[in-house]
Protein chains: 4
Amino acid sequence: MPYRTSDKMRRKKDAKRTAMMQAAVQVFSEKGYHAATVRDIVQAADVAIGTFYFYFPDKETLFLYLYEETADFLVQAVQQGVSGRAKLTEQIAHGVQSYVNIALYEPTVVFLLLVGGVGAVPSLSAKREQFREAMIRIWQRPLDHALDQGLIPTQNTRRAAEAITGACDEVILNLLQNPRGENEAPAAIKDLSFFILRGLGALGSPAADK
Amino acid sequence: MPYRTSDKMRRKKDAKRTAMMQAAVQVFSEKGYHAATVRDIVQAADVAIGTFYFYFPDKETLFLYLYEETADFLVQAVQQGVSGRAKLTEQIAHGVQSYVNIALYEPTVVFLLLVGGVGAVPSLSAKREQFREAMIRIWQRPLDHALDQGLIPTQNTRRAAEAITGACDEVILNLLQNPRGENEAPAAIKDLSFFILRGLGALGSPAADK
Amino acid sequence: MPYRTSDKMRRKKDAKRTAMMQAAVQVFSEKGYHAATVRDIVQAADVAIGTFYFYFPDKETLFLYLYEETADFLVQAVQQGVSGRAKLTEQIAHGVQSYVNIALYEPTVVFLLLVGGVGAVPSLSAKREQFREAMIRIWQRPLDHALDQGLIPTQNTRRAAEAITGACDEVILNLLQNPRGENEAPAAIKDLSFFILRGLGALGSPAADK
Amino acid sequence: MPYRTSDKMRRKKDAKRTAMMQAAVQVFSEKGYHAATVRDIVQAADVAIGTFYFYFPDKETLFLYLYEETADFLVQAVQQGVSGRAKLTEQIAHGVQSYVNIALYEPTVVFLLLVGGVGAVPSLSAKREQFREAMIRIWQRPLDHALDQGLIPTQNTRRAAEAITGACDEVILNLLQNPRGENEAPAAIKDLSFFILRGLGALGSPAADK
DNA sequence: CATGAATGAGGGTTCATTCAT
DNA sequence: AATGAATGAACCCTCATTCAT
């Protein structure tokens with residue numbers, strides 16, 4: 001009898017597919033797109049090389065897909081952190097927190113996004129650009145709103161959003177690479193949030209910190 | 001400029017060497033480390049492939065050397081912008097200005113540093129780390145000084161320096177990639193400086209901008 | 001038709017087998033032996049790839065078998081056209097007619113035989129050789145007979161048979177590839193028959209054509 | 001000093017290139033396009049695999065080039081045999097002779113042309129078609145001329161030319177594969193010429209042979 | 001010094017074939 | 001019987017590197 005294609009097998013297949021994708025993220029973030037070979041990936045996933053091409057059309061497509069999925073995930077997570085609040089201070093704080101949390105939980109993924117194999121594949125440059133743009137826009141929207149309501153002084157919100165994006169990336173990268181002490185993350189979140197909010201002019205008096 | 005002919009004489013001799021290094025920066029920043037081939041470089045420099053290996057031990061070494069020299073150049077330029085002033089506001093403003101100026105003058109070089117072939121070569125990761133570290137320290141020193149003098153509120157200056165570094169990178173990258181209007185650069189410098197200074201709490205009242 | 005289900009019963013059982021063989025002829029003649037993949041075949045037959053290996057030991061064996069069966073079919077058809085007649089002129093004419101008819105009815109099959117994946121598989125060369133040989137012999141027998149009876153002048157009948165075989169192949173190939181006009185086939189049959197019969201010296205006076 | 005690129009080296013390079021092409025013809029005609037690997041070719045030429053790609057862009061291009069060159073050579077040789085004469089009988093005889101001579105002198109090449117890797121590469125099918133067409137046209141021209149002058153009876157010269165082409169191919173193929181006796185070639189030339197000329201109706205009385 | 005022909009390890013990808021289900 | 005996921009040898013091709021000239 002033709003074997004049960006529905007139940008167990010399907011799940012198993014999905015599991016293997018997922019395992020391979022995780023292995024791929026790992027390898028890509030460790031070596032970058034070009035240096036990572038398909039052979040590396042299948043070894044990490046402990047499957048034969050043919051299996052890779054059974055699940056994915058080719059290396060580039062997988063990488064692009066991984067990058068996009070990963071980027072979407074991060075973008076939405078941060079977006080959620082931001083959009084659930086009303087006050088700018090909370091929006092920033094929660095956005096930063098979401099970002100840091102994900103970075104700590106999935107350092108590999110964040111690494112892939114921030115320092116992945118840029119320049120390697122033309123189509124990736126575009127994807128990377130989109131990702132940066134999405135992150136910037138996440139920050140810019142609340143800024144525009146706050147500006148409208150006179151909560152922050154007149155300023156180029158686009159540029160401010162760029163600065164926020166860059167600041168977050170760098171702080172998080174440092175947090176991941178130099179894991180100082182135990183609970184450094186909460187401190188980083190607070191420091192970063194304050195820096196950003198002050199930078200935006202959203203805080204009353206400059207002395208109002210810790 | 002980086003990678004000039006060391007010092008004074010041996011002009012002729014180093015003509016080819018220089019040509020190759022300039023070509024290499026160009027090619028590396030366009031294609032990334034892996035995608036750039038030695039053939040690409042020698043063709044751009046209009047020399048034979050054998051000549052490459054007369055002047056440089058191999059592709060990796062050249063890239064590392066180029067990266068280092070380029071990084072040093074940028075670091076020193078920004079350092080100079082910062083260290084020549086006394087007041088924190090001026091230090092930040094001039095540091096940012098130096099960075100932006102170089103980015104506009106040598107976009108290729110800055111691209112190479114910011115999104116170069118990371119992860120490609122193990123030894124490069126270390127180099128990149130050093131570069132980021134150097135940039136962060138440039139900003140941290142004046143912060144520590146200002147903190148000592150009570151010019152800015154209590155804060156983690158290391159983290160603030162990270163944020164500044166990241167903010168600069170992102171704003172500059174955007175400036176290079178989306179060249180909006182004519183004299184966007186001065187505006188970017190001002191915006192960025194204000195954001196940073198406010199973020200540090202170095203400005204009196206939050207309404208004191210433009 | 002070739003590759004029918006051997007004999008009588010096991011209809012259902014062989015439905016897939018037959019489908020695959022027909023698909024295989026199609027695919028092989030379109031792409032040639034090497035370029036045709038087992039996947040192509042099973043897709044065309046709408047069965048799973050495992051099914052292929054249940055019915056056939058491997059790709060090569062199937063191809064060989066197909067080639068042989070196909071060749072036998074063509075050989076016997078032409079043979080029948082020839083052997084049913086008494087006069088040389090009719091033997092030639094009917095042989096040619098049979099050949100052309102089959103070519104028009106099953107162009108795929110004839111293509112496979114004439115320009116199939118030669119050289120691809122060592123064992124195929126032998127098979128192809130046999131097929132050519134069989135075709136040549138079909139023609140040679142009536143020639144020998146005619147020679148015995150003094151109906152054609154002294155000549156090397158083997159060589160003449162070779163020439164006939166080649167002439168038929170080429171004319172038919174052209175008929176299939178450049179389908180000029182409607183009823184070109186009858187004209188081709190007549191032209192070819194006359195050419196051959198004259199070539200053999202079987203016709204009285206050279207002016208006795210159309 | 002930059003080494004002498006003009007004299008000795010150039011010749012040596014050309015020699016190697018030629019050697020590789022000859023090796024390629026050999027391998028291609030033995031195994032067919034698909035089954036022949038680049039490794040086969042470089043092994044036959046006793047060079048490294050990289051050398052292949054230094055001289056030729058890729059396998060397909062080389063094969064196409066080889067096929068074309070080879071086809072042109074054969075076509076022109078036969079053409080020359082035909083066009084140098086005035087009488088149809090001599091044109092046919094010399095054309096056939098040229099063809100046979102080349103086949104005996106370069107059996108590999110002729111094999112490649114007649115049973116080369118057809119169906120393998122789309123672009124090759126076109127090339128093969130061109131070659132067949134050229135051969136057919138070589139024969140058709142003198143036929144048209146002879147028809148105009150009333151030297152042969154009314155007939156479809158195109159079809160006759162196709163028959164001639166096919167007849168030649170088959171006889172020659174058999175001559176190469178079954179080398180019977182010593183000087184079989186002259187006999188084959190004579191047999192074939194007579195068959196063709198009679199087939200065309202160019203000979204007075206059918207009994208006028210050997 | 002300079003050249004570029006020559007090398008071959010290694011990368012991405014295909015595809016005939018197997019076997020647990 | 002039938003399926004299709006899994007395998008891995010082998011293919012084509014690239015490119016860093018060497019070395020005779």
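First the proteins, then the strands, lettered A, B, ... as listed; each starts at 1.
- Closest heavy-atom contact between A/L113 and A/R128: O-NH1, 3.8 Å.
- The interatomic distance linking C/Q43 (CD) with F/dT3 (P) rounds to 13 Å, in whole Å.
- Ring planes of C/Y33 and C/F28: parallel class, angle under 30° (limits at 30 and 60°).
- With hydrogens and angles ignored, the 3.5 Å screen pairs no side-chain donor or acceptor of B/T51 with any backbone N or O of B/V47.
- Between A/F131 and A/Y67, the ring-plane angle classifies as perpendicular under the 30° and 60° cut-offs.
- Between the CZ atom of B/F56 and the C1' atom of F/dA16 there is a distance of 15 Å, given to the nearest Å.
- Sorted by first then second residue, the side chain to side chain donor-acceptor pair (under 3.5 Å) pairs that include residues 39-50 of chain A, not counting sequence neighbours, are A/K31-A/D40, A/T37-A/D40.
- Going from atom CZ of A/F63 over to atom C1' of E/dG12 covers 16 Å, rounded to whole Å.
- At F/dT7, one or more side-chain N or O atoms of A/T51 fall inside 4.0 Å of OP1 or OP2 (strictly under the cut-off).
- Between the side chain of D/K59 and the main chain of D/A36, a donor-acceptor pair closer than 3.5 Å is present.
- A donor-acceptor pair is defined here as one N or O able to donate and one able to accept, closer than 3.5 Å; no such pair exists between the side chain of C/D14 and the backbone of C/R17.
- In this structure, C/V25 and C/L112 approach most closely via the heavy-atom pair CG1-CD2, 4.3 Å.
- With sequence neighbours excluded, the residues forming a ring-ring contact (aromatic ring centres under 6.0 Å, His included) with C/F56 are C/F52, listed by chain and number.
- For DNA chain F, none of the residues of residues 13-26 of chain D falls under the heavy-atom distance limit of 4.0 Å.
- At distances below 3.5 Å, not a single donor-acceptor pair connects side-chain atoms of D/T61 with backbone N or O atoms of D/P57.
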Using the 3.5 Å cut-off, write out each protein N or O paired with an N or O of nucleotides 16-18 of chain E and the distance between them.
residue: E/dA16; atom: OP1; partner: C/K59; partner atom: NZ; Å: 3.2
residue: E/dA16; atom: OP2; partner: C/V38; partner atom: N; Å: 2.8
residue: E/dT17; atom: OP2; partner: C/Y53; partner atom: OH; Å: 3.2
residue: E/dT17; atom: OP2; partner: C/K59; partner atom: N; Å: 3.1

* Dot-bracket notation for DNA chain F, counting Watson-Crick and G-U pairs under 3.5 Å, with | for partners on another strand -> .||||||||||||||||||||
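- Between D/R11 atom CZ and E/dA5 atom P there is a gap of 16 Å when expressed in whole angstrom units.
- When the salt bridge (charged side-chain N to carboxylate O under 4.0 Å, His left out) test is applied to C/E60, no partner is found at least two apart in sequence or on another chain.
- Computed from coordinates, the A/Y55 OH to F/dT7 P distance equals 9 Å when rounded to whole Å.
- Going from atom CZ of B/F54 over to atom P of F/dC19 covers 16 Å, rounded to whole Å.
- Two residues, A/K12 and B/V47, neighbour DNA chain E, and the one matched to the more 5' nucleotide by heavy-atom proximity is B/V47.
- For the pair D/D46 CG and E/dA6 P, the computed distance is 12 Å after rounding to whole Å.
- If you measure from atom NZ of C/K31 to atom C1' of E/dT14, you get 13 Å, rounded to the nearest angstrom.
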